[in-house]
2 protein chains.
Amino acid sequence: MSKCEHCIVRQFNSLNTLTREELVRVSACKTGRVVKKGDIIFREGEALNGIYCIREGVCKLTKLSENGKDQVVKLSVKGGMMGQRSLVSNECSNLTAVALNDMQICFIPKQEILDDLQKNVNFSMDLLKRMAQDLRDADDSLVDMAQKTVKQRLAETLLYVKNKFDNDADGYLALTLSRDDYASIVGTATESAIRILSQFKKEGIISTKGKQIKIEDEQALKRVE
Amino acid sequence: MSKCEHCIVRQFNSLNTLTREELVRVSACKTGRVVKKGDIIFREGEALNGIYCIREGVCKLTKLSENGKDQVVKLSVKGGMMGQRSLVSNECSNLTAVALNDMQICFIPKQEILDDLQKNVNFSMDLLKRMAQDLRDADDSLVDMAQKTVKQRLAETLLYVKNKFDNDADGYLALTLSRDDYASIVGTATESAIRILSQFKKEGIISTKGKQIKIEDEQALKRVE
DNA sequence: CGTGTTCTTGAATTCAGTCAACGAATGTGG
DNA sequence: CCACATTCGTTGACTGAATTCAAGAACACG
């Protein structure tokens, strides 16, 4: 298994602030894992005992609402970390992580990270900064969720996916999500999401091929109200 | 002005992890301020240059959505801190703070806090923990916002206010909010909030006297769906 | 091939937002 | 202290948005 100190993915997250020695120690106790599309990495309510670092692939972090529907709270991608929040507050996971792709992830045990947090101010400050950013993002999403229509949120989600994952060679969104996933990100019923997508299609704003989506008129999406 | 090292409010927030000397230094550079009900403490987009510590009173943290409506993201109370997120990520404020009561607040300049964050691991870890908790709360709210009905959210808000602020001598909620505030917490139109409140009233779940609200049947509120 | 999942559409219904109007409460200046 | 203006709370009627239920088509997979 490759070593953390040589891992390029690290540059995208807080682990980049660790010293060489710290990385070597982390590397020594980490474990790798391959995850297939659709697999659950961890579940809401589960004790995590460490953090995950995503080497490859994408996953969704969801939370089950009381009415039994999953709500996607965040998408995590290559270079991302998962489980920091639970680790820091010493709680069980608040979210469920499900792979949207085939993935490769690393697991770093809790104690190692806690030690580094205590000893390396750069690390704790970086984690603090990223948590602050996550908090801002969450607040922004909250406001969108509360104040915008399903149509607006879906338009924003499409733009988000395009910006974050770009297009594939044919111009389709590089990250392919099911209609269900879209609905669960936007916070609506699957049929509602589908209905709006087909409306966008009719208006020439997007085109589709199976579950793949191509954005034809980005400006129009930005103008949706 | 009273000194931080003697301030009892500190025990409710991260400042409690500071050493006596650090507190003395903080105390020396802090400034106090009295804020009247309805006053704006800081605005979205404003540079904060420090953090606020609430000595007395309650305020709402809101964010303006694109459609021009304010959404309440959080209520901050006695002992709470505001502005940490912006300080940590070195950004302008993401939220507007408006006093719901007459308040007393203290302001501690940025540099002082940043120094302490660098030097005192207990402090940075505590802040990290609290930020993690805020993030969890935000995620939970997000899911509620996305998946629950206005009625459910309003019921939860009433329960939240009761639990967090308790009742006054007559059994009315100790924190009196305007119908507008309730609507803005729940993320709905004022009339919708009013309509549901009068429905609760008709069902004997709550009673009202002017803008004051008394919860008559807490269990019924918990059962709302 | 079936068989199950995912996608799609229709119709009926419920939910929530908007506009309009009015009374009650609150605050202000004379 | 009163008259006025202003805000806040309340309700009705209407419209549009979104959910639900139902059913069929397309697709994926063993």
Side-chain angles (χ1 to χ4, degrees), chain A residues 36-38 60 65-71 98 100 102 143-155 157-158 172-173 176-203 206-214 224-225, chain B residues 36-39 60 65-71 98 100 102 144-155 157-158 172-173 176-203 206-214 224-225:
Chain A
K36 289 226 194 77
K37 180 175 174 172
K60 59 178 176 182
S65 88
E66 284 170 28
N67 68 10
K69 281 188 201 163
D70 273 320
Q71 174 66 38
V98 182
L100 294 173
D102 290 346
V143 176
D144 283 354
M145 219 43 111
Q147 302 281 356
K148 294 190 176 171
T149 63
V150 171
K151 195 169 166 186
Q152 285 175 305
R153 283 180 270 153
L154 184 53
T157 302
L158 289 170
Y172 290 91
L173 292 175
T176 302
L177 294 168
S178 70
R179 302 300 195 239
D180 226 30
D181 284 331
Y182 275 109
S184 173
I185 292 171
V186 168
T188 191
T190 310
E191 300 95 320
S192 300
I194 290 178
R195 218 152 249 146
I196 294 171
L197 282 175
S198 57
Q199 190 188 340
F200 284 162
K201 202 167 149 186
K202 205 173 295 173
E203 293 168 2
I206 62 168
S207 61
T208 61
K209 192 175 75 180
K211 56 165 59 177
Q212 291 187 85
I213 295 174
K214 186 190 288 190
V224 165
E225 3 193 295
Chain B
K36 290 226 194 76
K37 178 175 175 176
D39 283 356
K60 59 179 176 181
S65 87
E66 283 171 30
N67 68 11
K69 280 189 202 161
D70 274 320
Q71 173 67 38
V98 182
L100 293 173
D102 290 344
D144 283 352
M145 217 45 106
Q147 301 281 356
K148 295 190 174 169
T149 63
V150 171
K151 195 169 167 183
Q152 285 175 307
R153 283 180 270 153
L154 184 53
T157 302
L158 290 170
Y172 290 92
L173 292 175
T176 303
L177 294 168
S178 69
R179 303 302 196 238
D180 225 32
D181 284 332
Y182 276 108
S184 174
I185 292 171
V186 167
T188 189
T190 310
E191 301 94 320
S192 299
I194 290 178
R195 216 152 251 141
I196 295 170
L197 283 176
S198 58
Q199 191 188 339
F200 284 163
K201 203 167 145 184
K202 204 174 295 171
E203 293 168 1
I206 63 168
S207 61
T208 61
K209 191 175 74 180
K211 56 166 58 177
Q212 292 187 84
I213 296 173
K214 187 191 285 188
V224 166
E225 354 194 299

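Residue numbering restarts at 1 for every chain, and letters A, B, ... go by the order of the sequence lines.
Phosphate proximity of C:dT5 to A:Lys211: absent, as no side-chain N or O sits under 4.0 Å from OP1 or OP2. In terms of phosphate contacts, B:Lys69 brings a side-chain nitrogen or oxygen within less than 4.0 Å of OP1 or OP2 of C:dT18. Using a 4.0 Å cut-off, no side-chain N or O of B:Thr149 falls inside it from OP1 or OP2 of C:dC15. For D:dT19, one of the phosphate oxygens OP1 or OP2 lies less than 4.0 angstrom from a side-chain nitrogen or oxygen of A:Thr188.
Nearest heavy atom pair, residue A:Gln71 against residue A:Ile185, reads NE2-O, 3.1 Å. Of all non-hydrogen atoms in B:Gln199 and B:Lys151, the two that sit nearest each other are NE2-NZ, 3.0 Å. Between B:Lys201 and B:Ser207, the shortest heavy-atom contact is CG-CA, 4.4 Å.
For A:Met145 and C:dA16, the CE to C1' distance is 17 Å, given to the nearest whole Å. A:Lys37 has its NZ atom 10 Å from the P atom of D:dA28, to the nearest Å. Rounded to whole angstrom, the span from the CG atom of A:Asp181 across to the C1' atom of C:dT6 amounts to 12 Å. Between the P atom of C:dC15 and the CD atom of B:Gln199 lies a distance of 9 Å, rounded to the nearest Å. Atoms CD1 (A:Ile194) and P (D:dA25) sit 16 Å apart, rounded to a whole Å. Distance CD1 (B:Ile196) to P (D:dG12): 15 Å, rounded to an integer number of Å. Straight-line distance from the CG atom of B:Asp180 to the C1' atom of C:dA25: 16 Å, rounded to whole Å. Rounded to a whole Å, the NZ atom of A:Lys209 is 17 Å from the C1' atom of C:dC7.
Along DNA chain C, the nucleotide nearest to B:Arg195 and the one nearest to A:Thr190 differ in position, and the one closer to the 5' end is contacted by A:Thr190. Residue A:Gly187 is the one, among A:Gly187 and A:Gly210, whose nearest nucleotide of DNA chain D lies closer to the 5' end (criterion: closest heavy atom).
Atom-to-atom distance recorded for B:Ile213:CD1 and B:Tyr182:OH is 4.0 Å, nearest 0.5 angstrom.
Counting atom types as modelled, A:Glu191 pairs no side-chain N or O with a base atom of C:dC7 as donor and acceptor under 3.5 Å.
The B:Ser192 side chain lies nearest to C:dT18 when the options are C:dT18, D:dA18, D:dG9.
Residues A:Ser184 and A:Asp181 have side chains that never bring a donor and an acceptor to within less than 3.5 angstrom of each other.
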